[in-house]
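Data first, discussion second: the structure below is written as C-alpha cells.
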Amino acid sequence: SMGQCFTHNHNLNTLKRHVLEHSTSKVWSEACTEWRLKYIYVKKGGQCVCECRPITDHCVIINLNTHDELVVGNTCVQRFGGELADFSKSVLSSLKKIKSNSRAQRANEHLIELCRELGILNEGGASMYIE
C-alpha cells in the first residue's frame, strides 16, 4: 500500500528536500503553504517526487512564488497539511466516486473549482454539476 512509503524516513526526507529546493521558504511548515494543486491525472505505474512507486494518482502541485511544479502521490500531498491537503483529498474522492459509478456523475465543488481554473468548465456548465 501507499502508506508503506512512510515506514522509511528516507521518503519523507526526499519529499522535503525537493519541496524546499523549489520553495522560497526553507522552513518546511512555511514552504508547505506556498503550494497549490494545479491538476490531477490518473495513470498506473508512476512515481512520486519522494521516489515512492508505483503511484496511480498524480497530484501536480505548483509553487505560488517560484511557479515550479512537482508531482506528488495521494499520500505525500497529505503531508503538506492545510488547504492543499484538504482540497486534494476532496478532489480525489470526487474523482473516485465519478469513476466507480458513472451514473453518479456529480463533481463536488472543489473538483469544479479546479476544472473552472483549468478552463475545462465555464460558469454555465459548472452550475449543472454542483452536488
Side-chain angles (χ1 to χ4, degrees):
S1 83
M2 290 289 118
Q4 74 197 21
C5 289
F6 295 102
T7 54
H8 313 296
N9 240 355
H10 155 80
N11 293 91
L12 183 55
N13 293 337
T14 305
L15 173 73
K16 286 184 175 181
R17 191 178 72 242
H18 283 290
V19 169
L20 292 175
E21 239 167 61
H22 295 278
S23 302
T24 315
S25 174
K26 297 306 166 202
V27 179
W28 171 248
S29 59
E30 286 171 20
C32 285
T33 65
E34 298 176 21
W35 295 84
R36 292 290 173 275
L37 182 67
K38 191 175 180 191
Y39 60 92
I40 290 174
Y41 66 94
V42 179
K43 190 179 172 211
K44 286 191 159 59
Q47 181 170 316
C48 175
V49 77
C50 82
E51 293 172 9
C52 182
R53 59 171 208 249
I55 64 166
T56 303
D57 298 321
H58 299 69
C59 301
V60 180
I61 57 173
I62 186 164
N63 186 289
L64 299 175
N65 302 328
T66 63
H67 304 288
D68 291 348
E69 293 179 16
L70 292 173
V71 176
V72 294
N74 58 18
T75 305
C76 274
V77 79
Q78 292 305 310
R79 297 255 146 197
F80 287 78
E83 196 184 322
L84 176 59
D86 294 344
F87 188 81
S88 305
K89 193 176 218 165
S90 174
V91 170
L92 282 161
S93 77
S94 187
L95 281 173
K96 281 203 168 62
K97 264 189 229 161
I98 291 169
K99 256 177 66 179
S100 66
N101 177 5
S102 55
R103 282 212 200 112
Q105 276 168 342
R106 286 226 172 287
N108 68 18
E109 302 158 69
H110 289 142
L111 181 55
I112 288 161
E113 191 182 320
L114 194 64
C115 291
R116 209 183 268 146
E117 276 171 27
L118 291 170
I120 296 167
L121 268 182
N122 58 23
E123 292 301 319
S127 57
M128 298 175 8
Y129 286 98
I130 302 272
E131 270 184 344

Distance col, row Leu15:CG vs Trp28:CH2, nearest 0.5 angstrom, shows 4.5 Å

Is there side-chain contact between Val91 and Tyr39, with at least one heavy-atom pair below 4.5 Å?
-> no

Nearest heavy-atom contact between Cys48 and Val72 is SG-CA, 3.7 Å

Contacts table for residues 57-66: side-chain donor-acceptor under 3.5 angstrom, sequence neighbours left out:
residue	atom	partner	partner atom	Å
Asp57	OD2	Asn74	ND2	2.9
Asp57	OD2	Lys96	NZ	3.0
His58	ND1	Tyr41	O	3.4
His58	ND1	Thr56	O	3.0
Asn63	OD1	Asn65	N	2.7
Asn63	OD1	Thr66	N	2.9
Asn63	OD1	Thr66	OG1	3.4
Asn63	ND2	His22	O	3.3
Asn63	ND2	Glu34	OE1	2.9
Asn65	ND2	Thr24	OG1	3.1
Asn65	ND2	Glu34	OE1	3.3
Thr66	OG1	His22	O	2.8
Thr66	OG1	Asp68	N	3.3

query = Can you find a heavy atom in the side chain of Lys89 that is under 4.5 Å from one in the side chain of Leu92?
reply = no

Rounding to 0.5 Å, atoms CG (Asn11) and SG (Cys76) come to a distance of 7.0 Å

The reported gap from NZ in Lys44 to CD1 in Ile55 (rounded to nearest 0.5 angstrom) is 13.0 Å

**Asked** Is there a path from Phe87 to Trp35 through hydrophobic residues (I, L, V, M, F, W, Y) whose side chains come within less than 4.5 Å of each other?
**Response** yes

**Q.** Joint cluster assignment, Leu70 & Leu12, ILVMFWY side-chain distance < 4.5 Å
**A.** yes

Query - Cluster link Leu114 to Val71, ILVMFWY, side chain under 4.5 Å - result: yes

_Please tell me whether Val49 and Ile40 are part of a single hydrophobic cluster in this structure, the criterion being side-chain heavy atoms less than 4.5 Å apart._
yes

Around atom NZ of Lys43, are there more than 12 heavy atoms from other residues, nucleotides or ligands closer than 6.0 Å? no

Item checked: Leu37 and Leu84, any side-chain heavy atoms less than 4.5 Å apart -> yes

ask   = Can you tell me if Ser23 uses its side chain to pair, donor with acceptor, with the backbone of Ser25 under 3.5 Å?
value = no

Donor-acceptor contact present, side-chain Ser93 to main-chain Ser90, <3.5 Å:
yes

dist Asn13:CG -> Lys16:NZ (nearest 0.5 Å) comes out at 7.0 Å

- Message: Does Glu83, at its CD atom, have more than 12 non-hydrogen atoms belonging to other residues, nucleotides or ligands within less than 6.0 Å?
- Response: no

dist Ser88:OG -> Leu95:CG (nearest 0.5 Å) comes out at 11.0 Å

